[in-house]
Amino acid sequence: MNLQGKTALITGAGSGIGQAIAVLFARECADIVVNDIDLPSAEATAARIRRIGRNVICVVADVSDAGQVGAMVSRVIEEMGGIHILVNNAGMLEYGSMIEEQTTERWDKVVAANLRSVYLCCRRVGQWMASHGGGKIVNIASIAGISAAPFSPGYGAAKAGAINLTRSLAADWGKYKINVNCIAPGIVDTPLTRRTITAWSNPEKIKQNIPLGRFGEVEDIASAALFLVSDEAGYITGITLPVDGGWLAYNNP
Ligand code: NAD
């Protein structure tokens, strides 16, 4: 799946799933924009991409902030000439929240990180794509946006919002040749989930609820993202693809 001639902006690409997507897209010959809120993480990913031999820039921005998203996208268009692929991957988990104890500020922060960020980046990049022949957008949601999200109600609500925003944008932007799709990862071992996984008294028991018997690897999610941004997926838009080892099939929501 060759991405030669394409520039891909991946948010939250300094770690975990976003980093794996950036590296895989670079291996498929895309030029990469590494966004993260954390500069050292972004630079570490950029260094890996330079070693692959692709053009890369790092843009530090909080993608839940409209001003920072606007400045980031303007800079990328100026320096890279455009954005053909957008992966809205940045997000934060709030495991351990009970809604009856949660502050409104905490709710707003989690929803902003996981949903407003998707809206802001889609809006700004979509404007450019709409007037330049189209593009591909992939939003990284979660199985927590499809089934219940115990102890993470804001996270689950925000991910469900990202799933339906995907559908609405796909419907509105088909006329611009913009494909908008979503991935719902299951449990993937990354810095985001490591604390939670190690806090579980028996992670092996959790794996018994996963038909494929293991947690996901970041590469599992990256491969699905690569397919969705490829020409081979040109007639796919508005879907949410679970990449969960069979979790949703087995733990039927
Ligand atoms: P991670 O914590 O390893 O990486 C997330 C990256 O996003 C970090 O580098 C962080 O600095 C960055 N980031 C966070 N908020 C940001 C912001 N406002 N602006 C810019 N950058 C920001 O996490 P991960 O597990 O790789 O998660 C990536 C995505 O996948 C998230 O949206 C997450 O909700 C989703 N997801 C992960 C899992 C899992 O099990 N790991 C499961 C389902 C969904």
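Whatever order the structure lists ligands and atoms in, that order sets their numbers, starting from 1.
Considering only residues two or more places apart in sequence or on other chains, Q102 meets the side chain to side chain donor-acceptor pair (under 3.5 Å) condition with E94. For K207, the side chain to side chain donor-acceptor pair (under 3.5 Å) partners at least two apart in sequence or on another chain are E204.
Sorted by first and then second residue, the side chain to side chain donor-acceptor pair (under 3.5 Å) pairs with a member in residues 64-87 read D62-S64, S74-R124, R75-E79; sequence neighbours excluded.
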Enumerate the pairs of nitrogen or oxygen atoms, one from ligand 1 and one from the protein, separated by less than 3.5 angstrom; state names and distance to 0.1 Å.
| from | atom 1 | to | atom 2 | distance (Å) |
| --- | --- | --- | --- | --- |
| ligand 1 | 3 (O) | S15 | OG | 2.6 |
| ligand 1 | 9 (O) | D36 | OD1 | 3.3 |
| ligand 1 | 9 (O) | D36 | OD2 | 2.6 |
| ligand 1 | 11 (O) | D36 | OD1 | 2.6 |
| ligand 1 | 18 (N) | D62 | OD1 | 2.9 |
| ligand 1 | 19 (N) | A61 | O | 3.4 |
| ligand 1 | 19 (N) | V63 | N | 3.1 |
| ligand 1 | 21 (N) | I37 | N | 3.2 |
| ligand 1 | 25 (O) | T190 | OG1 | 2.5 |
| ligand 1 | 26 (O) | I17 | N | 2.8 |
| ligand 1 | 32 (O) | N89 | O | 2.7 |
| ligand 1 | 32 (O) | K159 | NZ | 2.9 |
| ligand 1 | 34 (O) | Y155 | OH | 2.6 |
| ligand 1 | 34 (O) | K159 | NZ | 3.0 |
| ligand 1 | 40 (O) | G186 | O | 3.4 |
| ligand 1 | 40 (O) | V188 | N | 2.7 |
| ligand 1 | 40 (O) | V188 | O | 3.1 |
| ligand 1 | 41 (N) | V188 | O | 3.1 |
| ligand 1 | 41 (N) | T190 | OG1 | 3.2 |

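Not one N or O on the side chain of N114 forms a donor-acceptor pair closer than 3.5 Å with the backbone of V111.
Atom OH of Y176 has 12 or fewer neighbouring heavy atoms from other residues, nucleotides or ligands inside a 6.0 Å radius.
Once rounded to the nearest 0.5 Å, the distance linking OG1 of T45 with CG of N35 reads 10.5 Å.
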